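In what follows, chains carry the letters A, B, and so on, assigned in the order in which the sequence lines appear, proteins first and then strands, with residues in each chain numbered from 1. In this text the structure is predicted, and so the values were computed from the model without any measurement.
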2 protein chains.
Amino acid sequence: MKPRHAHHSEDCRAVSAILQRVGDKWSALVVTKLGAGAMRFGELKAAVGGISQKMLTTTLRGLERDGFVTRTVFPTIPPRVDYELTELGRELLGPVMALVSWATSNTERINAARNAFDDRSGPAQ
Amino acid sequence: MKPRHAHHSEDCRAVSAILQRVGDKWSALVVTKLGAGAMRFGELKAAVGGISQKMLTTTLRGLERDGFVTRTVFPTIPPRVDYELTELGRELLGPVMALVSWATSNTERINAARNAFDDRSGPAQ
DNA sequence: CCGTATCCGATGAGATACTG
DNA sequence: CAGTATCTCATCGGATACGG
């Protein structure tokens with residue numbers, strides 16, 4: 001079902017999908033937190049800060065599905081669930097951290113550009 | 001003027017915002033295409049493939065706003081508009097390409113993990 | 001403690017039609 | 001050719017409440 005010449009849009013969509021995995025609101029943050037080692041659900045929630053229970057579970061399920069984290073349930077009372085990066089997840093951490101640290105050190109420049117743009121585009125629009 | 005320890009959320013939200021800029025459906029693709037040099041609107045649309053006019057404009061405006069691309073209008077008939085990466089945009093290209101190439105070379109592993117997960121979670125759900 | 005279910009507003013994204 | 005304006009539908013993300 002491909003068009004006649006299967007150019008790189010195949011790859012592009014795959015790449016785009018992965019970028020969206022780490023590009024959603026919380027995934028990158030969660031992955032970097034887990035970079036420090038295994039954590040349980042509650043710890044993670046506290047570490048990330050501001051994330052709702054629902055979004056944390058959703059995010060973790062997504063990461064688990066793509067093979068970036070493992071989920072380990074201890075059938076105790078109260079229950080305890082640990083999350084940990086897989087090998088794949090640790091490999092992902094490299095590029096992600098690179099992007100994160102670039103972003104961190106260029107926040108100011110981006111904000112400046114943004115303000116300049118908004119200024120040009122009409123403050124009283 | 002921050003406490004020593006509680007400064008995570010500030011940075012995190014800024015970083016998260018930038019990750020979402022490149023993490024949306026088209027930005028990363030557009031940035032990588034522009035990595036090859038300046039292009040006009042139509043070229044870009046063809047190069048990306050599958051993007052609607054509306055989304056390309058929206059994406060480019062966002063990138064322009066954040067200072068990653070410049071927009072140059074030639075007041076000819078028919079009109080011609082060129083887009084080009086700024087210095088900031090070219091710097092961004094590095095980390096983004098790293099992530100993109102990691103994603104490209106690990107698509108198979110991710111798909112495998114995804115299939116395995118979907119399998120576990122109930123194929124007939 | 002961890003997770004699910006539900007509701008709801010906000011945003012994302014495509015299709016189409018129209019202007020300079 | 002490039003961009004805007006709508007309209008419409010899907011998905012995201014938060015709040016809240018409930019269940020094992």
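Of the two residues contacting DNA chain D, namely A/Pro79 and A/Gly50, the nearest-nucleotide position lying further toward the 5' end is that of A/Gly50. Residue-to-nucleotide proximity on DNA chain C shows that, of A/Gly42 and B/Met55, the 5′-proximal contact is made by A/Gly42. Nearest-nucleotide positions on DNA chain C for B/Trp26 and A/Val81 put A/Val81 closer to the 5' end.
A close approach under 4.0 Å does occur between a side-chain nitrogen or oxygen of B/Arg40 and OP1 or OP2 of D/dA2. One finds a side-chain N or O of A/Arg71 lying less than 4.0 angstrom from the OP1 or OP2 phosphate oxygen of C/dG3. For the pair B/Arg80 and D/dA2, the criterion of a side-chain N or O lying under 4.0 Å from OP1 or OP2 is not met.
Comparing C/dT4, C/dA13, C/dC2 against the side chain of A/Arg61 picks out C/dT4 as the nearest. Side chain of B/Gln53, nearest nucleotide from C/dT6, C/dA13, D/dG3: D/dG3.
Salt bridge A/Arg114/B/Glu64: absent, no basic N to carboxylate O contact under 4.0 Å.
For the pair B/Gly67 and B/Thr86, the tightest heavy-atom approach, listed with the atom from each and the gap, is O-OG1, 2.6 Å.
Protein atom CG of A/Leu56 is 11 Å distant from nucleotide atom P of C/dT4, rounded to whole Å. To the nearest angstrom, P of C/dG3 lies 8 Å from CG of A/Leu60.
The distance from atom CZ of B/Arg90 to atom CG of B/Leu34, rounded to the nearest 0.5 Å, is 11.0 Å.
Looking only at atom types and distance, the side chain of B/Ser121 has no donor-acceptor partner in the side chain of B/Asp118 under 3.5 Å away.
Residue contacts for B/Lys25: at a heavy-atom cut-off of 4.0 Å it reaches the sugar-phosphate backbone alone, with no base atom in range. Across all strands shown, B/Tyr83 has heavy atoms under 4.0 Å from sugar-phosphate atoms exclusively, and none from any base.
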